[in-house]
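Have a look at the structure below before the remarks.
All values below come from the heavy atoms of this structure, side chains included, with hydrogens, waters and symmetry mates left out. Sequence lines set the chain letters: A, B, ... in the order given, protein chains first and strands last, and positions in each chain run from 1.
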Amino acid sequence: MISYIIRRLLLLVFVLFGVVTLVFFLIHFIPGDPVDIMLGDYALPADKQELRSVMGLDRPLLIQYKDYVSGVLTGDLGTSIHSKRTVLEEILERLPASAELMVGAMTIALLIAFPFGILAALKPYGLLDSASMFASFLGVAMPNFWLGPLLIIFFSIKLDWLPINERGGLENLILPSITLGTAMAAMLSRMIRSSLLEVLGEEYIRNARAKGLAERKVILKHALRNALIPVITIIGLQIGVLLSGAIITEAIFDWPGLGSLLLEGIYNRNYPLVQGCILVIATIYVVVNLITDITYAWVDPRVRLS
Amino acid sequence: MNLNRSPLLQVIDLNVDFKSEGKTTAILKEISFVLEKGETLGIVGESGSGKTITVQSILNLIPTPPLSGISGKILFKDTDLLNCSQTQLRSIRGKEIAYIFQEPMTALNPVLSIGDQIMEMIRTHESTGRKSAFQKAVSLLEEVGIPSPEQRMKNFPHELSGGMRQRAMIAMALSCNPEILLADEPTTALDVTIQAQVLELFKELKQTRGTSIIFVTHDLGVIAEIADKLMVLRQGMIIEEGPLDQIFKSPQQEYTRELISLLGGE
Amino acid sequence: MSRSKAMLRTSIFTILLTLLFLLLQGAHAGEKNLLVGIEDPPKTMDPRFSTDATGMRISHHLLFSTLVQHGQDLQIIPNLAKSWKTPDNKTYIFHLHDQVRFHDGRPLTAEDVKFTFEHLKNPQTKSPFAGTYKVIKSIRVIDPYSIEFKLEKTVASFLTSIIMPIVPKHVIEAGGPFHNQLIGSGPFIFDDQSPNEIILKKNPDYFMGAPSLDRITFKIIKDDNTRFLKMRKGELDLVINAIPLNKVDDFKKSPLKKRYTVMEDAGLSYNYISFNMKKPELQDIKLRKAIAYGINVEEIIKYRLEGHAVPSYSLLSPVNWFSEKNVTRYDYQPETASRLMDEAGLPKTGSNSKQPRITLELKTSNNAEVIGIARIIQAQLAKIGIRIEIKSYEWGTFYGDIKSGNFQLTTMRWVGVTEPDFYFNIFNSGQFPPAGRNRGLYKNEQIDRLTEEGRNILDADRRKTIYAKIQKIVADDLPYISLWHTSNISIVHKRVSGYQQHPMGGYLSFRNIDINP
Amino acid sequence: MFRNKWTYAGLIIILFFIVTALTAPWIAPEDPYEINLVLQLAPPDADHIMGRDNNGSDILSRLLYGARISLVVGLSVVTISGIIGILLGLVSGYYGGWVDLILMRIVDILLAFPGLLLAIALVAVLGPSLTNVVIALIALGWVPFARLVRGQVISVKERNYILAARTSGQSDLRVMIIHILPNIISVVIVQATFNLAGVIISESSLSFLGLGAPPGTPSWGAMLSEGKQVILDAPHVSIFPGLAIMLVVLAFNFVGDGLRDKLDPKTDRK
């Protein structure tokens, strides 16, 4: 197991290197120039040219790439073009908010998906199954820029229980987490249902019953553990969806997360910031997937960690 | 039939119907038989004759769907298993009557170790601590002839050979010293040499534990070695029943004669 | 790690966060705190680099002081400079107030003014305004409170371009990050900034009298709906030009009427369609006029802008003294448009044939409102046989194309234009991209001459006649089709008094604001 | 043919949408591109059961025309990215070793990569059109399929009937397609039906960011994002496209369930 983890961590470096390279050339490849966008119509071209050279933007791309990568290796992600603050500082300012929102959304998703998924599987095609199926399709088909305002109108304006926007205490976290988490909850509950239905048809479940175990134990200990296997991969995948889905949720709730910082960076062609954000998001993503693979092997002994 | 003691298990007029894609078919019609203490009843029939369904209905293990209707009585120590409460049924399953499945690979939970699955059986029915449950499981594995049982406890089903897995299944079934063992073609999935060893194991258990067994198989050769009494099933009906040697010597039904002739005679 | 342990850890994490947040809030209860809702965070509030509207307004009007300012009627009014005179049209002498102090207590003198402009001219500073101040030849400190500027040549718009916050020489020269100190001499002092909020506190010894507000909190709320809902709950005191036009009238009806008042007057932002004058198919003035006559500006204002705009006939808003009223106007005349296209020899559209008379491409940014308006124009022009294909791009790509003249038609707007010299930047043929902003590549000798002349004359009346001529030629030549000026709209909470809406949508009157609970 | 009645309901709904998509020009009450500002945001009433959007165009007509676009975009993206993903996932899971290592790391890179940046780059280069939107969505759409299929193949590969098939001399390709695929198809189908909704919603987010189909195209995604601006005053502008998307996903999921029961050997074996 340990050697597997070490090998995967080495590969992680390769993956991140791949991501950084892909991002670097792609963002520079997109038309639109950061100095233009920054200075807008104010500065004279001579000044803009000067600003570009001082920032080293006029150097050949490969040199800029080499400097950037060597900078990253020493932990220097460069300075943000506009605000003159270091990229690391801007990212670290936003990281806790993103982490909090992702944990919140994930918790909501799991709290909804597991009970709904399990109950739907226990009585397939029953009333509860169709209700949970209907609710989950609603969850998937409802975009978060629609769900957000609806939740605000109901919970903040009409009932005045929760604040409208901004990050703060636990109560600020509830609405954004529901908005971001529902699509994932819908997806997960259907996945858990279908995977659990399959497992319930297996012989070892009938054997567990033959052993005289209580139905609750048969489901939770025997069936669920086997049904978890494909679900874990889905959870790993969903982290990516959460990160990108967060952009719109962050916009609606003014949640100071990485998603909106990345979007601003892209719009302003703030190269160092975009590269820094994507590097951090990629790291989170790859580490989470490493954890999913390890839990995968921990849950399913048949899978040897080659 | 000696009268002074009632039979261990009595099945009276058992009827079972299945429903699939709107069509209801009768799987078992008017099945009645008796199992005495310490006796081994062999149930023989081609596949689809309803022999597996018969033993499964004893412990009410048939899933709905496809099960659509079940009637009759199954008396075990004056409780009718078909109409008793869930808790009563659960206290009998595995403790009084244990079931051995045909395919050990799919009947053992792939993600739990052999030790866990056996100890779980023990601790469900007997309130013993982990330590003693562990010891009991090891001794059970020894009894069924599995070498270095301590090590095997930690193994997962896919890490054992077919024979070993079947022995583990049997160990698990025996863990609470049940009165009756329902063995659903326990040897069919094994190759011949392992089959003989497992049969040998069943014979030993009959001597050492005096457990009564219902042994389901389509292979008359296997039955000949182990059963005291024989019951021949065809399309959900009992066509012949009686002590083993009587049926083998003078089979009443044409169908039974053909089955025996396939065997090449005694 | 079982799931319950993970849940425990996250709840502790968030509870700690709540405590921290409550501590911060508690300290400010019971004081006069103006809550201002804005759409985007300023890219930076450091006046040397800030080019976005919010950043400039906070630094120019609140944190720092400038030599002079734009008055309510857009004329130049004194600020740090009590008075000024121009011995000749290339020399300016300013006399400063003598008891102005920076927020760190140090006095503000002519030295700081000299340092500010030389610092901005110095290429090492990398300030976007270096170019604007290249024209300053020399700055001389006459005495601690008077300063003389000598220019390379006459610049009529110098008093407008000199509006730049004065930064403290001693702090800048000491080095270190100025962006989180922002020590100025304005009515408010920089207190704190987070991705959601910018907090300024009162400067008790401001030289024009301490403001009555204790604190201003700029709430950054990106989403239009969320901003509106925040006001529905009464959690904002003031929102300037940041409420979608279709929601403004909600504030004139109950329940919001009880809590808010709406201030609306003519604004400066000029919305237009620009032609690429180099494209052969657009050379014929008849076609350009036909398009102008084919667009029903009134309908767009009435339905899409809900009446919150006035049709515009020139770059300069009617409020501007230089604005010329009698120029050719193009109201909605579809018949004239068709006739002009006939005269231009465009193929006729058969009554049934879908074949348009001409197909043009209109490039826009990805702003939802702009796209909405483009679609209405598309539908209006389709009625007279002009087929418009709308191509919308993300801002960076769009801006790159427009600056490089890579478009046929585009629709944009100029914000806060007060000085008529702007005509030089957008219509003088010496200002083609990438150098200048004459993106339509418009070339007209008369306009070149007049815009050159207008920059070098100080006498206001003679400049007015020059710019009147320019506006007449432009209205006839149509490098731009003028659409409308969107109004300036401020939504003000009833508890707020003393706020005066400025045509440039600025924060100059914040220092007079008071909050009565 | 199918075990449960819901599958038939699903088929009927899909058929209904395909028919509307094909006959839209004839059955749509009005031209979807027509703008009449006088009637903007008119709520649903007798003769316009779905009301009008912020340009006064009839929402029902735009939905009918939109059916064609959204179904084409949705189905083409899901099928193409599904096929690519399944093939790569199969190969990577089946062979393991270096193939798996490299493929999965490429998958990691692309999964860790915010699709948004790629979409902006693609649309910026190729220009905003529906085909480019489809390309942008496929460019990253195949990746979750590959990862899911690979995970499934690994756990199924261990089952002895697969080992038996491999040792019986059948070609690897046959083993993969005939033996492995049916066993993992059910989870893939569920993922596919959900991806369909995901694709339509992503198209809506792209339109929301101005990167989708040319403005005015009545795709359901674009209608949703246009509805956002007026959601507080006229929620009906967003409700109907939202319901349409939900109905389509519902239908495809019913059919998916039906297909899964049909295809999956386990549920059939007694």
Checklist line | Qualifying residues under side chain to side chain donor-acceptor pair (under 3.5 Å), relative to A:Asn207, sequence neighbours excluded | finding: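 Result, side chain to side chain donor-acceptor pair (under 3.5 Å) vs A:Asn207: none returned.
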Notebook entry, point to check: With a 4.5 angstrom heavy-atom cut-off, which part of B:Ala107 approaches chain A: side chain, backbone, both or neither?
Noted result: both
Note to self: Is it the case that over 12 heavy atoms from other parts of the model lie below 6.0 angstrom from the CZ atom of B:Phe215?
What the structure shows: yes
Note to self: Counting only heavy atoms not in B:Lys19 (residues, nucleotides, ligands), do more than 12 fall under 6.0 Å from its NZ?
What the structure shows: no
Checklist line | Gap separating the CE atom of B:Met105 from the OH atom of A:Tyr204, nearest 0.5 angstrom | finding: 10.0 Å
Notebook entry, point to check: Which members of residues 73-96 of chain B, sorted by number, sit under 4.5 angstrom from chain A on a heavy-atom basis?
Noted result: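 When heavy atoms of chain A are the reference, residues 73-96 of chain B contributes B:Arg90, B:Arg93, B:Gly94 within the under-4.5 Å range.
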Item checked: Interface residues of residues 112-140 of chain B facing chain A - heavy atom cut-off under 4.5 Å ->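 The residues closer than 4.5 Å to chain A, in numerical order, are B:Leu112, B:Gln117, B:Glu120, B:Met121, B:Thr124, B:His125.
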Next item on the list: Please name the pair of heavy atoms, one in A:His222 and one in B:Asn109, separated by the smallest distance, quoted to 0.1 Å.
Entry: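 Answer, listing the atom of A:His222 first, then B:Asn109: ND1-ND2, 2.9 Å.
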Side-chain donor/acceptor pairs under 3.5 Å, residues 9-16 of chain A, sequence neighbours excluded:
none

Notebook entry, point to check: Hey, does B:His158 have a side-chain heavy atom less than 4.5 Å from the side chain of A:Pro301?
Noted result: yes
Check: Among B:Leu59, B:Ile62, B:Leu61, whose side chain to side chain contact (heavy atoms under 4.5 Å, CB included) with A:Arg206 holds?
Finding: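 Going through B:Leu59, B:Ile62, B:Leu61 one by one, the side chain to side chain contact (heavy atoms under 4.5 Å, CB included) with A:Arg206 is satisfied by B:Leu61 alone.
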Margin query: So for A:Ala208, is it side chain, backbone, both, or neither that comes closer than 4.5 Å to the heavy atoms of chain B?
Written below: neither
Notebook entry, point to check: Which of the residues B:Ile100, B:Leu108, B:Val111 is involved in the greatest number of heavy-atom pairs with chain A at under 4.5 angstrom?
Noted result: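 Heavy-atom pairs under 4.5 Å are most numerous for B:Val111.
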